[in-house]
Amino acid sequence: VQLQASGGGLVQAGDSLTLSCAASGRTFRSYVTGWFRQAPGKEREFVATITWSGISTYYADSVKGRFTISRDNAKSTVYLQMNSLKPEDTAVYYCAAVLSEARVVGPRNTYSSDFDYWGQGTLVTVSS
């Protein structure tokens, strides 16, 4: 499956932004999908993940309550709604996917090494 992330941009602290991850190549329905981010000079870190059904989600503590991950399998697209953005949210955001019919996602689904497919990344810059 090929992933294409989009929607990044320059915003001010407190603003909202929605990222999209469009999939192509194979049916997207059977994939657990996640968002990761990498800030300048830092390692890539987990942000959020969602099951193929969209029923179960899991978030990093740093974004819990501010970000929402969702998916529309009919459009083969996963979204990351980001509210109350902070300067520390500045990073390149990547979407990733792994073939899985897991019904629940949690801490075990936060490792980038477990995801097989990656998008090219989209830059989010939050100014103070």
Side-chain angles (χ1 to χ4, degrees):
V1 63
Q2 292 80 44
L3 304 176
Q4 180 77 31
S6 62
L10 173 62
V11 297
Q12 294 186 332
D15 284 352
S16 298
L17 200 61
T18 299
L19 305 183
S20 298
C21 175
S24 61
R26 295 186 65 176
T27 177
F28 196 46
R29 195 178 302 276
S30 301
Y31 288 81
V32 165
T33 309
W35 286 96
F36 292 78
R37 67 186 182 186
Q38 187 166 17
K42 295 187 177 182
E43 294 186 353
R44 188 172 299 186
E45 64 174 4
F46 166 78
V47 176
T49 188
I50 188 169
T51 54
W52 63 272
S53 66
I55 293 177
S56 177
T57 59
Y58 186 77
Y59 298 90
D61 288 342
S62 58
V63 306
K64 197 174 298 182
R66 299 188 298 123
F67 290 12
T68 301
I69 188 171
S70 62
R71 67 191 298 156
D72 184 342
N73 286 335
K75 297 181 178 179
S76 296
T77 302
V78 172
Y79 305 95
L80 185 68
Q81 172 69 42
M82 305 184 293
N83 298 327
S84 303
L85 282 162
K86 305 175 181 179
E88 51 263 43
D89 294 319
T90 295
V92 176
Y93 283 72
Y94 299 89
C95 61
V98 59
L99 186 64
S100 173
E101 295 185 349
R103 296 184 178 184
V104 179
V105 288
R108 65 185 181 282
N109 303 106
T110 63
Y111 300 98
S112 60
S113 58
D114 290 338
F115 288 80
D116 297 322
Y117 304 96
W118 290 83
Q120 85 289 359
T122 184
L123 176 62
V124 174
T125 304
V126 184
S127 64
S128 58

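- Once rounded to the nearest 0.5 Å, the distance linking CD of Glu101 with OG of Ser53 reads 10.5 Å.
- Of all non-hydrogen atoms in Phe115 and Thr33, the two that sit nearest each other are CE2-C, 4.1 Å.
- Under the 4.5 Å side-chain contact rule for hydrophobic residues, Leu80 and Val92 do not share a cluster.
- Taking a 6.0 Å sphere around CD of Gln120, one finds it holds more than 12 heavy atoms contributed by other residues, nucleotides or ligands.
- Formation of a donor-acceptor pair under 3.5 Å by the Arg66 side chain with backbone atoms of Ser84 is found in this model.
- No single ILVMFWY cluster, assembled from side-chain heavy atoms under 4.5 Å apart, contains both Val78 and Val105.
- Of all heavy-atom pairs between Gly9 and Leu17, the closest is N-CD2, 3.9 Å.
- One hydrophobic cluster, built from ILVMFWY side chains closer than 4.5 Å, cannot hold both Val47 and Tyr79; they sit in different ones.
- Nearest heavy atoms, Asn83 versus Ser16: OD1-OG, 2.9 Å.
- Side-chain atoms of Tyr59 come within 3.5 Å of backbone atoms of Ile69 as a donor-acceptor pair (strictly under, hydrogens ignored).
- When every heavy atom of Arg108 is checked against every heavy atom of Tyr111, the shortest pair comes out as O-CD1, 3.7 Å.
- Using the six-membered ring where Trp is involved, Tyr94 and Trp118 have ring planes that are perpendicular, over 60° apart on the 30 and 60° scheme.
- Between Phe46 and Phe36, the ring-plane angle classifies as perpendicular under the 30° and 60° cut-offs.
- Arg37 pairs with exactly one of Thr122, Asp89, Val124 by the side chain to side chain contact (heavy atoms under 4.5 Å, CB included) rule, that one being Asp89.
- A heavy-atom distance below 4.5 Å is not found between the side chains of Ile50 and Trp35.
- The backbone N or O of Ser100 sits nowhere less than 3.5 Å from a side-chain atom of Ser30 that would complete a donor-acceptor pair.
- Residues Ala13 and Ser128 come closest through the heavy atom pair CB-CA, 4.4 Å.
- Note that OG of Ser112 is 11.0 Å distant from CD of Glu45, once rounded to the nearest 0.5 Å.
- Enclosure of atom NZ in Lys42 is not indicated, since only 12 or fewer non-hydrogen atoms of other residues, nucleotides or ligands lie within 6.0 angstrom.
- The OG atom of Ser24 sits 8.0 Å away from atom CG of Leu3, with the distance rounded to the nearest 0.5 Å.
- Sparse packing is recorded around CD of Gln12, with 12 or fewer heavy atoms of other residues, nucleotides or ligands lying under 6.0 Å away.
- Not one N or O on the side chain of Thr51 forms a donor-acceptor pair closer than 3.5 Å with the backbone of Val104.
- Of all the heavy atoms in Ala102 and Val32, the pair that sits closest is CB-CG2, 4.4 Å.
- At distances below 3.5 Å, not a single donor-acceptor pair connects side-chain atoms of Asp15 with backbone N or O atoms of Leu85.
- One distance of note links CG of Leu19 with OG1 of Thr77; it measures 12.5 Å at 0.5 Å rounding.
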